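Only one structure is covered here, and it is reproduced in the block below.
Numbers restart at 1 for each chain; the letters A, B, ... are given by sequence-line order, proteins then strands. What you see is a predicted model; the values in this text were computed from it and never measured.
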There are 2 protein chains.
Amino acid sequence: MNHAQLKAFHAVAREGGFTAAARAQGVSQPTLTVQVRALEDSYKVELFHRRGRRVVLTRAGEELFSITRRLFQLEREAEEFLRAEGKLLRGQVRIAADGPFHALPLIRAIRRELPGLEVVVSVGNSAAVVRAVLNYEAEFGFLSEYAMDNRFAVLAAAHHRIVLMMPSGHPWAGRSSVDINELGGQPMILREKGSSTRRNFESALKEAGVTANIVLEIGSREAVREAVAGGLGLGVVQEPELGEDARIAAAAIEGAALQATELTVCLEERRHSPLMRRLTQLAGTLSG
Amino acid sequence: MNHAQLKAFHAVAREGGFTAAARAQGVSQPTLTVQVRALEDSYKVELFHRRGRRVVLTRAGEELFSITRRLFQLEREAEEFLRAEGKLLRGQVRIAADGPFHALPLIRAIRRELPGLEVVVSVGNSAAVVRAVLNYEAEFGFLSEYAMDNRFAVLAAAHHRIVLMMPSGHPWAGRSSVDINELGGQPMILREKGSSTRRNFESALKEAGVTANIVLEIGSREAVREAVAGGLGLGVVQEPELGEDARIAAAAIEGAALQATELTVCLEERRHSPLMRRLTQLAGTLSG
DNA sequence: CTGAACCTATAGATAAAAGCTATCATTCGC
DNA sequence: GCGAATGATAGCTTTTATCTATAGGTTCAG
């Protein structure tokens with residue numbers, strides 16, 4: 001049994017004749033005659049009754065036809081899938097990010113430029129992002145420069161100011177900036193040790209010779225925000241993560257290079273794949 | 001997209017590597033590399049991550065694999081069907097008969113020799129049998145020689161005596177034979193004009209110069225039997241159709257060549273088809 | 001860190017088969 | 001019956017699927 005034979009049989013069965021099937025398939029009529037004949041001969045099965053200039057499916061032919069109908073339906077399906085996948089008309093892009101905020105511009109760009117692509121975002125800490133990208137579980141990773149790995153290729157880098165968060169009733173609320181030296185002894189609420197924002201902030205304090213009073217360590221951005229809103233202390237956050245909370249006031253921190261760098265990465269080896277070539281254009285335009 | 005390409009992709013996906021797939025498929029490894037590569041290139045889709053000496057399906061590859069799994073399952077199904085059909089391990093044989101009795105030996109032979117074949121029997125009058133065979137609705141026809149048509153090929157001929165049926169209380173009951181001349185004036189119950197048994201009987205009467213007294217004409221074998229059992233008159237029937245009815249006595253008819261010939265036929269054009277070649281051996285052994 | 005083992009990619013040659021053109025044979029509407 | 005339409009057959013051509021030989025990498029043991 002042969003694919004050409006099955007295809008010939010299917011076409012003749014569908015069109016109800018060899019000549020009609022040949023026209024429909026864009027091949028010559030003898031091609032179909034020979035292929036169908038070969039199929040019948042090799043299995044010693046009659047598939048068509050040749051009734052003069054008409055052909056009619058035998059019972060066995062009908063049964064085979066019911067199989068080939070499903071078979072060639074699946075073949076069409078495979079081809080449509082490949083065609084769409086190649087043109088990025090459909091498919092899936094998976095993004096692993098260490099925070100929902102940084103990935104938003106890329107997501108918006110994909111939604112706008114390639115609306116057929118489904119975007120799946122998984123949020124986790126830096127280690128989870130690294131693992132996801134290395135394990136082919138995500139095409140794109142968003143992570144801070146501290147978590148960078150040489151197996152990645154950097155597609156874009158975004159620099160975000162790190163700003164001070166205060167309760168809106170705080171004496172400093174309303175000020176546009178606070179000097180880093182003013183933070184000495186202030187009650188601070190920070191995230192866990194692995195957080196790049198925290199690492200960034202602490203090295204800036206050290207460089208300025210300031211000692212902060214860390215009153216609370218909480219494992220998530222949202223928890224820090226709630227603790228600050230509740231008056232437990234001051235927090236630091238990357239500016240895009242600030243949000244629009246009325247209970248929170250913000251101010252720039254002066255006297256230190258307090259800036260976090262967020263990288264958009266993909267696997268180095270996948271950098272030049274068709275999917276990536278198209279998508280990195282989008283990612284590239286975001287950093288400029 | 002190509003069938004060879006899909007097959008190569010499927011094999012590599014299933015076996016988890018090019019070399020393993022090549023071994024499993026009995027082809028060389030470069031064959032698969034080239035085919036898969038061609039598939040990926042023509043659609044600009046990555047199907048495998050080449051990870052050193054390991055290959056892993058991409059997301060797109062996984063999706064395509066879920067299609068090809070079903071696709072090649074159907075292909076196996078088609079091949080199994082053809083193979084079984086060709087060897088008559090499975091399939092259907094349709095028989096059209098003008099009476100259930102004559103077809104029984106063939107049916108028994110098929111059940112014994114080819115137990116995988118389903119046998120479908122339709123019983124009708126001669127015209128229905130002729131139509132069924134000519135319209136490819138039955139592979140075999142059983143009919144009397146009178147309904148013979150030159151588009152048929154005769155596979156076997158069975159000769160059956162036509163015997164007299166009487167109520168068991170009839171004066172002749174117990175006699176083994178009755179001369180045809182004794183039937184003159186006797187009340188006879190016959191089947192419809194198209195019946196071959198009737199035609200046979202009437203021509204025998206005419207030849208012997210005997211005039212029967214036809215008191216009843218009934219359109220079925222069973223109805224004739226009931227009428228005879230009810231004492232309405234005498235009937236004639238082919239010996240194999242006689243049955244074991246205690247209300248009925250039977251006797252041979254002497255003085256005439258009262259013999260019905262039942263033919264086993266198929267379409268002349270199908271005589272040498274694979275199905276027929278095998279089955280006519282069975283049919284042939286029955287007449288001997 | 002180095003080499004053996006293993007795997008995939010590439011190139012050029014070969015053989016299989018799928019397809020075409022031309023022609024014949026048969027059927028069925030007119 | 002005649003002619004248009006359809007399927008079958010034969011011989012030739014082109015495509016393509018596959019092979020052998022070889023190169024380029026990666027992994028893992030010692």
inquiry  = Please check this pair: side chain of B:Thr58 against backbone of B:Gly61, looking for a donor-acceptor N/O pair closer than 3.5 Å.
reply    = yes
key: Protein-nucleotide distance (B:Phe48, atom CZ; C:dC7, atom C1'), rounded to Å   = 14 Å
message = Using OP1 and OP2 only, check whether a side-chain N or O of B:Arg37 sits under 4.0 Å from C:dT10.
response = yes
request  = Look only at the side chain of A:Glu40 and the backbone of A:Leu47, and say whether a donor-acceptor pair between them is shorter than 3.5 Å.
outcome  = yes
query = What residues in residues 3-20 of chain B put a non-hydrogen atom under 4.0 Å from any atom of DNA chain D?
reply = B:Ala4
query = In whole Å, what is the span from the CD atom of A:Gln35 to the C1' atom of D:dG7?
reply = 16 Å
request  = I would like to know whether A:Thr261 and A:His159 meet side-chain contact (heavy atoms from CB on, under 4.5 Å); could you show each step before the answer?
outcome  = CA-CA 5 Å; A:Thr261 299; A:His159 309 285; 3.1 Å; yes
message = As a test of understanding, state which of B:Glu137, B:Glu139, B:Glu85 forms a side chain to side chain donor-acceptor pair (under 3.5 Å) with A:Arg59.
response = B:Glu85
Donor-acceptor under 3.5 Å (A:Arg131 side chain, A:Ser126 main chain) = no
key: Validation row: B:Leu57, B:Leu64 side chains within 4.5 angstrom (heavy atoms)   = no
message = Output the rounded distance in Å from CG (A:Leu47) to P (D:dA8).
response = 12 Å
key: Per B:Asn2 side chain, nearest of listed nucleotides D:dA17, D:dT9, C:dA9   = D:dA17
message = In this structure, how many angstroms lie between the P atom of C:dA17 and the CG atom of A:Asp41, rounded?
response = 15 Å
Let me check something: any side-chain donor-acceptor pairs from residues 21-31 of chain B under 3.5 Å, sequence neighbours excluded? List them with distances.
from	atom 1	to	atom 2	distance (Å)
B:Ser28	OG	B:Thr31	OG1	3.1
B:Gln29	NE2	B:Thr33	OG1	2.9

Between protein and nucleotides 20-24 of chain C, what N or O pairs are separated by less than 3.5 Å?
from	atom 1	to	atom 2	distance (Å)
C:dC20	OP2	A:Ser28	N	2.6
C:dC20	OP2	A:Ser28	OG	2.8
C:dC20	OP2	A:Thr31	OG1	2.9

task = Only counting residues at least two apart or in another chain, list the ones meeting ring-ring contact (aromatic ring centres under 6.0 Å, His included) with B:Phe72.
result = B:His3, B:His10
ask   = Please give, in whole Å, the distance from D:dC19 C1' to B:Leu32 CG?
value = 12 Å
ask   = Any side chain to side chain donor-acceptor pair (under 3.5 Å) pairs touching residues 148-158 of chain A, not counting sequence neighbours?
value = A:Asp149-A:Arg151
ask   = When the C1' atoms of the five terminal pairs at each end define the local axes, what inter-axis angle does the helix from C:dC1-D:dG30 to C:dC30-D:dG1 show, to 10 degrees?
value = 40°
ask   = So, B:Glu80 and B:Arg76, do they make that salt bridge, N to O below 4.0 Å?
value = no
task = Using a strict 4.0 Å threshold on nitrogen-to-oxygen distance, state whether A:Arg70 and B:Glu77 make a salt bridge.
result = yes
task = Among C:dT8, D:dT6, D:dT9, find the nucleotide with the atom closest to the side chain of B:Val55.
result = C:dT8
